[in-house]
Amino acid sequence: MKFRTETEIAPLRAQIDYRSRIVALGSCFAENMAGRLAAAKFRVAANPFGAMFNPESIAGAAMRAAERRHVAAEELHRGANGYFHYDFHGKFTAASPDEAVARMNAAVDEAHEALAAADTVILTLGTAWVFRLRENGRTVANCHKQPAALFRREMLGADETAGILARLAEGPLAGKRIIITVSPVRHLADGLDG
């Protein structure tokens with residue numbers, strides 16, 4: 001008795017090799033893949049702004065990196081642990097706005113250089129759920145443990161997600177090999193059909 005469906009997967013036509021320059025963006029699965037590639041001595045950069053799970057945030061990170069759009073102190077918010085930005089992981093939070101901006105802008109510069117040099121970009125989508133700030137509808141990559149009442153949770157549709165990925169392919173990732181993966185994290189809290 002077979003409890004799984006077995007299938008043959010054809011290899012990618014364009015292979016990654018040691019001449020490749022790779023950027024991995026997305027969930028922690030992107031970081032894990034990048035770690036394995038780095039251990040095998042591939043040239044890879046992973047999630048310069050931290051792990052992100054939804055397509056809008058991943059696209060926003062790619063756009064910020066491509067445009068080398070630095071963070072201004074006015075964009076920061078203050079939380080219990082210091083100053084943070086909704087587009088960046090908590091590891092960029094700092095006690096002072098100047099320190100937070102310096103950390104974030106160093107990451108923007110690093111991401112810009114890595115993306116400009118990359119010929120391959122791995123995008124790992126973790127969820128179609130997005131959290132938007134109620135005050136302006138802006139999607140956040142990280143809620144930074146702020147009160148749930150500040151956010152509205154929405155599901156992106158398949159067409160929306162495809163549109164986001166198409167704009168990336170035609171915009172900041174034009175001319176690069178794009179590999180799209182889906183994070184193997186099960187979101188059982190929403191049910192198997194959600």
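Fair warning: this is a prediction, and the values are worked out from it, not measured in the lab.
- Atom CD1 of Ile58 sits about 9.0 Å away from atom CG of Leu168, to the nearest 0.5 Å.
- Here the CG-CZ distance, from Leu115 to Arg68, works out to 11.5 Å after rounding to the nearest 0.5 Å.
- Side-chain N or O atoms of Asp87 include none that pairs as donor or acceptor with a backbone N or O of Ala141 at under 3.5 Å.
- Without hydrogens or angle criteria, Gln146 side chain to His144 main chain gives a donor-acceptor distance under 3.5 Å.
- Of all non-hydrogen atoms in Arg132 and Glu56, the two that sit nearest each other are NH1-OE1, 3.0 Å.
- Leu173 pairs with exactly one of Val23, Leu25, Leu123 by the side chain to side chain contact (heavy atoms under 4.5 Å, CB included) rule, that one being Leu123.
- No more than 12 heavy atoms of other residues, nucleotides or ligands shown are found within 6.0 angstrom of CG on Asn81.
- A 4.5 Å side-chain heavy-atom check between Ile122 and Val44 finds every atom pair outside the cut-off.
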CA sep, side-chain torsions, deciding dist, call: Ser183, Thr124, side chain to side chain donor-acceptor pair (under 3.5 Å): CA-CA 6 Å; Ser183 183; Thr124 301; over 6 Å; no

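- Here the closest non-hydrogen pair linking His89 and Gly50 is CB-CA, 3.6 Å.
- Counting heavy-atom neighbours within 6.0 Å of Lys91 NZ, excluding the residue itself, gives a total above 12.
- Ile16 CD1 to Arg21 CZ: the interatomic distance, rounded to the nearest 0.5 Å, is 14.0 Å.
- Proximity of a side-chain donor or acceptor of Thr93 to a complementary backbone N or O of Gly90 within less than 3.5 Å is detected.
- Between the Asn54 side chain and the Thr127 main chain, no donor and acceptor come within less than 3.5 Å of each other.
- The environment of Asp159 atom CG is sparse: at most 12 non-hydrogen atoms of other residues, nucleotides or ligands sit within 6.0 angstrom.
- To the nearest 0.5 Å, atoms CZ (Arg153) and CZ (Phe131) are separated by 5.0 Å.
- The CH2 atom of Trp129 lies 13.5 Å from the OG1 atom of Thr139; values are rounded to the nearest 0.5 Å.
- Using modelled atom types, no side-chain atom of Ser27 and backbone atom of Phe53 make a donor-acceptor pair closer than 3.5 Å.
- The two residues Arg177 and Ser20 make their nearest non-hydrogen contact at NH1-OG, 4.1 Å.
- A donor-acceptor pair under 3.5 Å links the side-chain atoms of His112 to the main chain of Ala65, judged by distance alone.
- A salt bridge does not link Glu75 to Arg69: none of the charged nitrogens lies less than 4.0 Å from a carboxylate oxygen.
- Under 4.0 Å is where a charged nitrogen must lie from a carboxylate oxygen, and between Arg43 and Asp119 no such pair does.
- Between Tyr86 and His77, the ring centre distance stays below 6.0 Å.
- The main-chain N or O of Phe151 is found under 3.5 Å from a side-chain atom of Arg134 such that the two form a donor-acceptor pair.
- Note: Cys28 SG to Met52 CE = 13.0 Å, rounded to the nearest 0.5 Å.
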